[in-house]
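Numbering of ligands and ligand atoms starts at 1, following listing order. Computation of the quantities below employed the complete heavy-atom set of this structure, encompassing side-chain atoms and omitting hydrogens, waters and symmetry-equivalent molecules. If you're wondering where the values come from, they're calculated on a predicted model, not measured in any experiment.
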Amino acid sequence: DEMATEIPMSQLVFTKETLNISVVNKKKWTSAQVLSSEILQGFTCTTVRKASKSKIKNLVHACRPRKGRKKVALKESQLTCMYNLLDESLNQNFNEYPADMLLYFNSKDVEKTNCRSYFSAVGAADFSVSSPILNKGQQLFSEARGGISGFNLGKEEVSVLGSLSCRLNSSYIQNSDPSILENLKSCQDFSESQVAAMETLLLSGKTSYGNVTTWNKQTLQNLAPLPLYLTENVWSHIQFLHYILTSRKNHNKEKLKSLFKHINPRRVKRGAGCTVGNVTSITVRDPSFPFGYDLTQFDLCLDVPVLKENLNFICEKVDDDSFQEVILRKLNEAYPSGVSEENVQVLNSVSRSATLSDISKWSITKIDTLSALMKPEDGSWEAAKSNAVITKYLDTPGNSLGTSELNAIDANICSLDVTVIKNITPENLRNAKSLNVESCSLEQKRVLYEISNTSFSSQRSNPTNHYNLINNYLGKTASSHSH
Ligand SMILES: *[C@@H]1O[C@H](CO)[C@@H](O)[C@H](O)[C@H]1NC(C)=O
Ligand SMILES: *[C@@H]1O[C@H](CO)[C@@H](O)[C@H](O)[C@H]1NC(C)=O
Ligand SMILES: *[C@@H]1O[C@H](CO)[C@@H](O)[C@H](O)[C@H]1NC(C)=O
Ligand SMILES: *[C@@H]1O[C@H](CO)[C@@H](O)[C@H](O)[C@H]1NC(C)=O
């Protein structure tokens, strides 16, 4: 009911008067709860000096973390002021206070039996608000550990630490009771060294998740969201993934793309720069490449010279559309005046993510290049793009839709204009393997049939092929007519 009557921002300035409004307009505002984060951020010791204890309490209470509301960002001076003002009347319900203020609680403020809930609540604090001199994180951590030193935190200690575990460095993570993984599941983000430590712990096989080589999809789900942060250090040991990755040639590209989307990290990293590790000629030879790279990192970690050197290895292994777009963009950067035949030949399924503008920069004059681009196992072409590729080839003087060309383009013949199809000679069509014309228009089928009929009349030595052709062109045409 309080939230329904927000006062317009323009009327609100954090002054003594504002504080009084909250009392005067009691009907509208039962407390300071409706003040916006921006206004609460104006809290100063000076403005509240004369306010009553209960009013101050209300204000501090309004600054606590609340669902659906922006965090009230307070500075150390404000937080210590709040603490000092309430010092004598602090209670044990820690969620009533801004999490950052909990940093300034002293051991006297937390009853022994409430240690756990205190550490759980303070785990949400932004430790960076506290000046390094106070070293609050370290101090709290020592208190939580009750003076015990060493990096191996026991099960009980881990349980007391709760979300404070998110602040632990790698030394602690990799040497602690494996139950620490459960605490880490609630962290917002990890540093690279924290991830490495988690991986060391997981690879030790001493966790409840067992030996990494036995993990299955269920294990990954149970570990969620941690798998999103893991790298190929772990991926390479997971047998079912390893199997899929090493035998990826035999797998349907669409399935690989979807698998990739589901298991590859999509975390958003703060800051710029490659943090996962530069793509090198060694990493691209690893069967698990590019698992472990999210889109941003793939982009940042793949240098153009490395791409040029290793284009074939990279194109062989990258199935994700967005990653393929990164490759194509960098390829254009690498070769601003056009991509050579040799490079176009190793694009594999990456070619299917190309735009018409990309294709216009490719050199396609040799039958080997056309054949490489038309390989059906690399996925189907959009008609306009297939047309662009074949047209580019045919634009080279001396090139035509000969038998080898027809064998290479097969079903993609349906992407060509009828005027182009008409140029196929009966002899070339006769010598080609039976083409799949299922997706061709009636007009295209008719033209092909006419050529095929002539090719049969001119040479009756290959009746099987003629039968197939007739079946293909006439049969399909006839049945389309009858529907
Ligand atoms: C982790 O923190 C402890 C205590 O501050 C320190 O002694 C240790 O060297 C740190 N470990 C790493 C890997 O930074
Ligand atoms: C996990 O299992 C594999 C295969 O059985 C074995 O080679 C490896 O040593 C095991 N790892 C650990 C940490 O026990
Ligand atoms: C990655 O490559 C960039 C330049 O290509 C280099 O400056 C950086 O040091 C490399 N990083 C690592 C970790 O090798
Ligand atoms: C196919 O060829 C035969 C013999 O050369 C001819 O009689 C017939 O009309 C042709 N059919 C079509 C549809 O062109």
Q) Between Asn175 (side chain) and Ser171 (backbone), is there a donor-acceptor pair under 3.5 Å? A) yes
Within 4.0 Å of some non-hydrogen atom of Asn169, the atoms of ligand 1 are 1 (C), 2 (O), 3 (C), 8 (C), 10 (C), 11 (N), 12 (C), 14 (O)
| said: Does any part of the side chain of Ser281, heavy atoms only, come nearer than 4.5 Å to the side chain of Arg285, both counted from C-beta? | reply: yes
Less than 4.0 angstrom from a charged side-chain N to a carboxylate O is my criterion; do Arg329 and Glu325 meet it?
no
Check your understanding: Would a distance-only check, ignoring hydrogens and angles, find a side-chain to backbone donor-acceptor pair under 3.5 Å from Asp358 to Thr355?
Key -> yes
Could you check ligand 2 for N or O atoms lying under 3.5 Å from protein N or O atoms and list the pairs with distances?
| unit_1 | atom_1 | unit_2 | atom_2 | d |
| --- | --- | --- | --- | --- |
| ligand 2 | 2 (O) | Asn211 | OD1 | 3.4 |
| ligand 2 | 2 (O) | Asn211 | ND2 | 2.3 |
| ligand 2 | 2 (O) | Thr213 | OG1 | 3.3 |
| ligand 2 | 11 (N) | Asn211 | ND2 | 3.0 |

Modelled atom types, side-chain donor and acceptor of Asn222 and Gln218, under 3.5 Å | yes
Quick note on ligand 1: atoms under 4.0 Å from a heavy atom of Ser170 include exactly 13 (C)
Within a 6.0 Å radius of atom NZ on Lys57, are there more than 12 heavy atoms belonging to other residues, nucleotides or ligands?
no
**Asked** Are the side chain of Lys330 and the backbone of Asp299 linked by a donor-acceptor contact shorter than 3.5 Å?
**Response** yes
| Purely on distance, is any nitrogen or oxygen of Tyr172 under 3.5 Å from one on ligand 1? | no
